[in-house]
Amino acid sequence: MSESVSESVERTWKDECGVVGVWNNEHASRLSYLSLYAIQHRGQESAGIVTVDASGEHRVQKGLGLVQEVFDDVSLDRLAGRAAIGHVRYSTTGVNQMANAQPMQANLFNGPVAVAHNGNIVNANEIKKRLKEDGAIFHATSDTEVILHLVARHHSSNLVECLQAGLEELDGAYSLTVLSHQSLIAARDPYGFRPLVLGTLKNGDGEKSWIVASETCAFDLIGAQFVREIEPGEIWWVDASGEHSIKMKKKRERASCIFEHVYFARPDSIVFGQSVYGVRKEAGRRLAEQDEKEGFLKDVDLVIPVPDSGVPSALGYSVQSGKPFELGIIRNHYIGRTFIQPHQAIRDFGVKIKLNPQTSVLSGKRVVVIDDSLVRGTTSKKILQLVRAAGAKEVHLRIAAPPTIGPCYYGVDTPEKSQLIASSQSVESIAKFVGADSLRYLDLAGLKEAVQGQNGGYCAACFDGKYPTDLFGLDRNPKGHLRGIDA
Ligand code: AMP
């Protein structure tokens, strides 16, 4: 794939990870598979499921690729057992992808343990260095292996005690599902950076199964009922004696990732207690309100979203502004990971194969284009060029979030700071770069008001540069955030 094609279609950075867990269901592997399928948007590099079979042994299937590529009927049948955890991982480059595929497993003092992790542990390098000096052997480059090592160091037959002791040493973001031969555990860091939710499913025999997932859209697919969030700093587990919960000693102010609402999570999920769709629509409404107040609501003909990420916000903008909502850009949903390139260079082929602006809608029109976020500006630039080429007379870009000025160190794989266009350029010069007649962002106060659901408690470091944790030198790494930590 040429550079431009791979950049615009697959982008150089991707989503974070997604985790699931199932307890007490004869179809544990299939329910995990379906749940992973629902949260595939959180990671497309690898997928994996570990089950615990009747003899207490772990069974595992992991592979590179999408959920439907990694599992088939035969492998799901082989994953016998009534309990399971699963993981989808996002793309990175330059690291041994298979060694980093999750869940990660180890045979510890207290039996087989498997871990699936979403988030990024900021002090993993420090801990890894210390453990290596002490003789520990690491196989992967990701921070998740550190968790297994820390658990292994605490010699108690009570796995939850070992896990708690290990987790108290970590700083940063982790939403975990953990499977032993006796229990399913779910744990979330004291800041509550990444989402993690608990649900139940009625079994045919009148008993109930427990389901844990990164997002509630997984529950919808398998018919599970949402019970509650796993709380920040909570370790919840279920075993033969029922469900239990403890709180970690470390207390922190809640700092849930606001970017989950802006971009990552599926719009049909409830994240941090609030509908993602509702937040995005409200962000778009506020964007129009802000335009109105500041005298920037243009004399325009249409509001169009960048599909799919800008759709709910464009609806909100349209409702508030009274300007008609139109699908001015149509998205092809069947773009695979690779495709055969045309023999001759086609201008903007990489964007065109995915997004096709409609001349019949856009020709001669003054258009407001809405997207959820603007990171490097390169995608917007190409999209706006196409919109203009389709005949739009004026193109006004509106972003339903503030300018992205800082990389994420908590599990969102963002480009390094120097590539974040808003970290060094004014709104006017970004408008020029992307070729917009005007550009406006939703301000941070407006976005925070749109996520009122949990009364604050958000990390918005990508927008305000205020990182809730020490960064342990990660900010001095020229590559910005790297989830695959190679200490
Ligand atoms: P760009 O400004 O060209 O870097 O890309 C902005 C576009 O990328 C927007 O349409 C967003 O929906 C999308 N986007 C924002 N953050 C991410 C991310 N971490 N991974 C993938 N796409 C993203």
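Both ligands and their constituent atoms are indexed starting at 1 by order of listing. Predicted, not measured: the structure shown is a model, and the values here were computed from it.
Close contacts of ligand 1 with Leu374, meaning ligand atoms under 4.0 Å from a residue heavy atom, involve 2 (O). In summary, the atoms of ligand 1 found under 4.0 Å from a heavy atom of Ser309, numbered by their order in the structure, are 10 (O), 12 (O). Residue Phe259 approaches ligand 1 through these ligand atoms, each under 4.0 Å from one of its heavy atoms: 16 (N).
The one candidate from Thr144, Val50, Val60 that meets the side chain to side chain contact (heavy atoms under 4.5 Å, CB included) condition with Met104 is Thr144. Evaluated for a side chain to side chain contact (heavy atoms under 4.5 Å, CB included) with Cys17, the options Asn118, Asn120, Ile39 yield exactly one hit, Asn118.
Taking any N or O of Val375, backbone or side chain, at least one lies under 3.5 Å from an N or O belonging to ligand 1. Residue Phe264 places no N or O, backbone or side chain, under 3.5 Å from any N or O of ligand 1. Considering backbone and side-chain N/O atoms, Asp371 comes within less than 3.5 Å of an N/O atom of ligand 1.
Not a single ring pair (Phe, Tyr, Trp, His ring centres under 6.0 Å) links Phe472 to another residue, sequence neighbours left out.
Close to ligand 1: Thr378, with a non-hydrogen atom less than 4.0 angstrom away.
Only the side chain of Asp372 comes within contact range of ligand 1, with a heavy atom under 4.0 Å; no backbone atom does.
In this structure, His396 has its ring center at least 6.0 angstrom away from the ring center of Phe296.
Using a cutoff of 4.0 Å between basic side-chain nitrogens and carboxylate oxygens, Arg188 and Glu229 are scored as salt-bridged. Of the charged side-chain nitrogens involved, at least one lies within less than 4.0 Å of a carboxylate oxygen, so that Asp291 and Arg398 count as a salt-bridged pair.
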